[in-house]
Amino acid sequence: MLGQAVKSAQASGKLLSVTVPENTIERPQNPEHGDYATSLPLKLARVVGQPPLSIAREIVNFIPSSPELASVVAAPPGFINFKLSDKWLAGQVDDILTAGNKFGNIDIGKGSKVQVEFVSVNPTGPLHVGHGRGAVLGSCLSSVLAAAGYNVTREYYLNDTGNQIEAFKRSFFARYQQQFGREAEVPADGYHGAYLVDYAKEVAAREGKRFLEMPEPEALREIGKIGLDMVVSEIKTDLDRLGVSFDVWFSEQSLYDSGLARKVMAQLQKEGHLALKEGATWFISTALGEDKDNVVVRGDGSPTYFASDIAYHYNKFFERKFDRVINIWGADHQGHVSRMKAVIGALGIDSERLTVLICQMVSLKRGEETVRVSKRSGDIITLRELIDEVGADACRYFFAARSADSQMDFDLELAKEQSPENPVYYVQYGHARICSVLKHAKEKGISYEGGDVSLLVTAPELNLIRKMLLLPETVETAAKALEPHHMAYYALDLATVFHSFYDTTRVVTDDASLTKARLKLVAAGQVVLARTLHLMGMNAPESM
RNA sequence: GCGCUUGUAGCUCAGUUGGAUAGAGCGCAGCCCUGCGGAGGCUGAGGCCGUGGGUUCGAGCCCCGCCAAGCGCGCCA
């Protein structure tokens with residue numbers, strides 16, 4: 001509409017014909033500036049050579065009146081402010097109720113195939129809190145993208161082969177042997193955590209000493225498999241408690257079993273991206289502008305994880321034909337981003353189609369003491385312990401509320417004592433309160449059927465509607481920027497506006513028609529708040 | 001040394017492509033319950049947006065330098 005008006009103005013000769021920058025509609029922070037605003041006249045002023053304010057006035061003249069808009073005014077130094085009409089706002093309540101739990105959906109994705117790969121932790125031990133952050137981030141992002149109209153696949157890449165896995169198997173076998181009094185040491189580069197002792201006890205009790213009687217390579221293979229399954233199962237349990245689920249668990253080993261890894265290596269070889277140096281095979285990334293080359297096949301003939309990563313991404317783009325791939329990695333993998341993009345390019349894929357989101361570290365504090373997160377030291381805080389302490393919803397909220405690229409301190413003491421006063425409960429309480437009102441009305445035999453929303457005219461009512469209408473825009477912002485944390489702030493805002501409305505406005509009164517209208521508003525609020533919570537993977541409790 | 005990320009209120013953090021008076025939660029100081037859940041509402045104090053330059057009508061946001069913190073720079077993942 002704004003673009004139309006600018007064109008009309010230019011056509012009429014009142015405004016010089018110049019290239020108009022992308023229309024920029026903003027939401028002013030000061031309510032006196034209306035619901036929407038544009039600074040287009042300020043941007044045009046220089047090229048056009050007219051004062052911004054007069055440009056604004058000219059454009060305003062060419063904006064047709066419409067039922068949505070109460071006013072369109074030019075404001076100094078050169079803004080155009082749009083104010084929505086109360087009547088149109090009130091009418092949106094019916095639309096929200098009609099949309100139901102689809103409210104907030106948009107279609108910027110147009111059904112394109114997006115893969116979000118996240119967590120993908122080596123199955124060598126329990127998840128710690130840092131993994132929880134990646135899990136929540138990936139999970140929320142996936143939900144948001146799905147709401148934005150993308151066809152989303154959530155995927156966990158299971159590194160079930162390679163050096164770390166071999167180290168795990170040797171460690172586990174050692175713990176198993178110790179159960180029967182044998183002298184066996186966990187390798188120095190192995191996994192020393194106490195959980196392996198527990199698993200070993202369990203296996204010893206269940207399977208007896210039969211692994212002691214077979215040749216070591218066979219024992220390692222068999223008991224290793226059992227150990228991996230146990231770890232994976234624990235990981236799944238933890239993720240499940242956090243409300244994080246996956247569509248696909250992709251096995252690294254399968255890349256070798258299917259021969260894909262070899263095939264992709266052959267292709268890179270053929271196209272001159274590989275070279276033999278010092279007995280190993282290298283991917284020549286320096287030729288593509290990288291700082292250094294990288295080994296794909298070691299001197300002993302075994303492939304590095306980089307080799308399987310290459311095959312894995314070949315699979316993502318060529319075999320499964322994802323339009324876009326989003327990987328969520330921890331900050332400790334940040335150095336691999338550019339080489340991964342380089343190799344994607346070498347395979348003939350536009351590297352823009354791969355986005356790697358780096359999720360910064362979580363440091364844990366217990367009061368003054370900072371706990372380093374390391375999987376190999378014995379004493380770590382697991383994700384499970386965190387969930388036990390603060391609950392899944394609080395975990396999700398706190399992780400989801402922080403942007404991925406800022407490091408965060410998670411103070412366990414604080415998280416514990418914070419319980420009833422933290423934003424998680426504030427938001428959820430808003431939902432419970434709404435449910436309570438609806439229940440109260442129901443008990444009195446009042447339904448909102450036939451309610452006339454045009455009776456909604458007060459500031460608290462209209463402000464609540466305004467805030468509800470922001471959900472689709474918030475989804476769009478979060479989806480475009482791949483920043484799910486916007487949802488958390490929106491949730492808090494929405495709850496605030498509702499609580500404020502609730503405090504000033506009684507819903508169920510003697511005025512039958514007004515009661516119906518307000519019940520509609522509250523019911524719409526419930527729809528929007530529940531949807532927001534669900535997009536964040538949180539519960540929307542009816543009572544608490 | 002090089003690369004990536006971060007530096008905003010006492011604390012934890014937002015700030016959408018550069019826009020109007022920089023925000024929220026917690027904490028702090030006041031105030032508000034004849035009523036649908038007070039796990040609530042309202043008001044206030046608190047800021048050289050790390051620092052020094054630059055770009056322009058306009059910079060927390062863009063560019064360069066510097067300082068500080070985290071992570072990375074393996075034939076580990």
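Being a predicted model, the structure only gives us computed values, none of them experimental. Throughout, protein chains are lettered first and strands after them, A, B, ... in sequence-line order, and every chain is numbered starting at 1.
- Pairing of B/C66, defined by two Watson-Crick or G-U wobble distances under 3.5 Å, is identified with B/G50.
- With B/A20, B/G37, B/C75 as the choices, the nucleotide that has an atom nearest any side-chain atom of A/N81 turns out to be B/A20.
- As a whole-Å value, the separation of A/L492 CG from B/G25 C1' is 6 Å.
- Among the protein residues, A/D309 comes within range of no part of the nucleic acid, since none of its heavy atoms lies under 4.0 Å from any strand.
- A/Y312 and A/Y157 have parallel rings, their planes meeting at less than 30° on a 0 to 90° scale where 60° marks the start of perpendicular.
- Straight-line distance from the OH atom of A/Y502 to the C1' atom of B/C32: 15 Å, rounded to whole Å.
- Two residues, A/G279 and A/A75, neighbour RNA chain B, and the one matched to the more 5' nucleotide by heavy-atom proximity is A/A75.
- Salt bridge present: A/E117 and A/K316 bring a charged side-chain N and a carboxylate O closer than 4.0 Å.
- Taking the six-membered ring wherever Trp is involved, the centroid distance between the rings of A/Y156 and A/F250 does not fall below 6.0 Å.
- A/M544 places its CE atom 13 Å from the P atom of B/G38, with the value rounded to the nearest Å.
- Here B/A20 presents its C1' atom at 17 Å from NZ of A/K83, a figure rounded to the nearest Å.
- The side chain of A/D409 sits closest to B/U12 out of B/G41, B/G74, B/U12.
- B/G53 sits 29 Å from B/C71 when the C1' atoms are compared, rounded to a whole Å.
- The glycosidic torsion of B/C33 lies within 90° of 0, which places this base in the syn conformation.
- Residue A/D300 is out of contact with every strand shown, counting any heavy-atom pair closer than 4.0 Å.
- Within the 4.0 Å cut-off from OP1 or OP2 of B/G41, at least one side-chain nitrogen or oxygen of A/Y426 is found.
- Here A/F79 lies parallel enough and close enough to stack on the base of B/A20, with planes under 30° and ring centres under 5.5 Å apart.
- Under the Watson-Crick or G-U wobble criterion, with both distances below 3.5 Å, B/U56 has no partner in any strand shown.
- A distance of about 6 Å separates the C1' atoms of B/G7 and B/G50, rounded to the whole Å.
- Taking A/D160 as the reference, A/S251 meet the side chain to side chain donor-acceptor pair (under 3.5 Å) condition, with sequence neighbours excluded.
- Distance, A/L53 CG to B/G19 C1': 15 Å, rounded to whole Å.
- Distance check on atom C1': B/A39 versus B/C33 gives 15 Å, rounded to whole Å.
- The residues A/D409 and A/R402 are annotated as not salt-bridged, no charged nitrogen and carboxylate oxygen being separated by less than 4.0 angstrom.
- If you check distances only, the side chain of A/D405 never reaches the base of B/U6 with a donor-acceptor pair under 3.5 Å.
- Straight-line distance from the CZ atom of A/F498 to the C1' atom of B/C36: 9 Å, rounded to whole Å.
- Inspection of the A/Q164 and A/N159 side chains reveals no N or O donor paired with an N or O acceptor under 3.5 Å.
- Phosphate proximity of B/G37 to A/S436: present, with a side-chain N or O under 4.0 Å from OP1 or OP2.
- The separation of B/C49 from B/U21, taken at their C1' atoms, amounts to 16 Å, rounded to a whole angstrom.
- In this model, a side-chain donor or acceptor of A/H336 finds a partner on the base of B/A77 within 3.5 Å.
- Remark: the backbone N or O of A/K292 is not paired with any side-chain donor or acceptor of A/T286 at under 3.5 angstrom.
- Nearest-nucleotide mapping onto RNA chain B: of A/T304 and A/H499, the residue sitting toward the 5' end is A/H499.
- Contacts of A/K480 with the nucleic acid, taken as non-hydrogen atoms under 4.0 Å apart, are absent.
- The phosphate of B/C42 has OP1 or OP2 within less than 4.0 Å of a side-chain N or O from A/S500.
- Residue contacts for A/T161: at a heavy-atom cut-off of 4.0 Å it reaches no nucleic acid atom on any strand shown.
- Looking at heavy-atom distances under 4.0 Å, A/G162 makes no contact with the nucleic acid at all.
- Whole-Å rounding puts the A/M408 CE to B/G70 P distance at 18 Å.
- With P as the reference atom, B/C4 and B/C62 are 14 Å apart, rounded to whole Å.
- Classification of A/R339 and A/D291 as a salt-bridged pair fails, no side-chain N sitting under 4.0 Å from a carboxylate O.
- B/G27 and B/A68 have their P atoms separated by 35 Å, given to the nearest Å.
- Using atom C1' as the reference point in both B/G70 and B/G47, the two lie 25 Å apart (nearest Å).
- Residue contacts for A/E473: at a heavy-atom cut-off of 4.0 Å it reaches no nucleic acid atom on any strand shown.
- Taking a pair to require two hydrogen-bonding distances under 3.5 Å in either a Watson-Crick or a G-U wobble arrangement, B/G37 remains unpaired.
- In this structure, A/S403 reaches the B/A14 phosphate: one of its side-chain N or O atoms is under 4.0 Å from OP1 or OP2.
- When rounded to the nearest whole Å, the span between CZ of A/R339 and P of B/A77 equals 10 Å.
- Within the nucleic acid shown, A/A280 comes within 4.0 Å of at least one base atom, counting heavy atoms only.
- Among the nucleotides B/C75, B/A20, B/G72, the one closest to any side-chain atom of A/P28 is B/A20.
- Of the side-chain N and O atoms in A/H485, none sit less than 4.0 angstrom from OP1 or OP2 of B/U16.
- Base contact: A/N30 has a heavy atom under 4.0 Å from a base atom.
- Stacking is found between A/H33 and the pyrimidine-like six-membered ring of the B/A20 base under the 5.5 Å centre-distance and 30° plane-angle cut-offs.
- Of the side-chain N and O atoms in A/R518, none sit less than 4.0 angstrom from OP1 or OP2 of B/C36.
- Between A/T509 and A/D511, the side chains place no donor N or O within less than 3.5 Å of an acceptor N or O (distance only, hydrogens not considered).
- Cation-pi geometry between A/R27 and A/Y36 is met: the NZ or CZ atom falls under 6.0 Å from the ring centre, inside 45° of the normal.
- One P atom belongs to B/U16, the other to B/G60, and the distance between them is 12 Å to the nearest Å.
- When both pairing distances are held under 3.5 Å, B/G1 makes a Watson-Crick or G-U pair with B/C73.
- Contact annotation for A/R506: base contact, defined as any heavy-atom pair under 4.0 Å involving a base atom.
- Between A/S406 and B/U8 there is no side-chain polar atom (N or O) within less than 4.0 angstrom of OP1 or OP2.
- Considering only the side chain of A/Y429, B/G37 comes nearest among B/A77, B/G37, B/U12.
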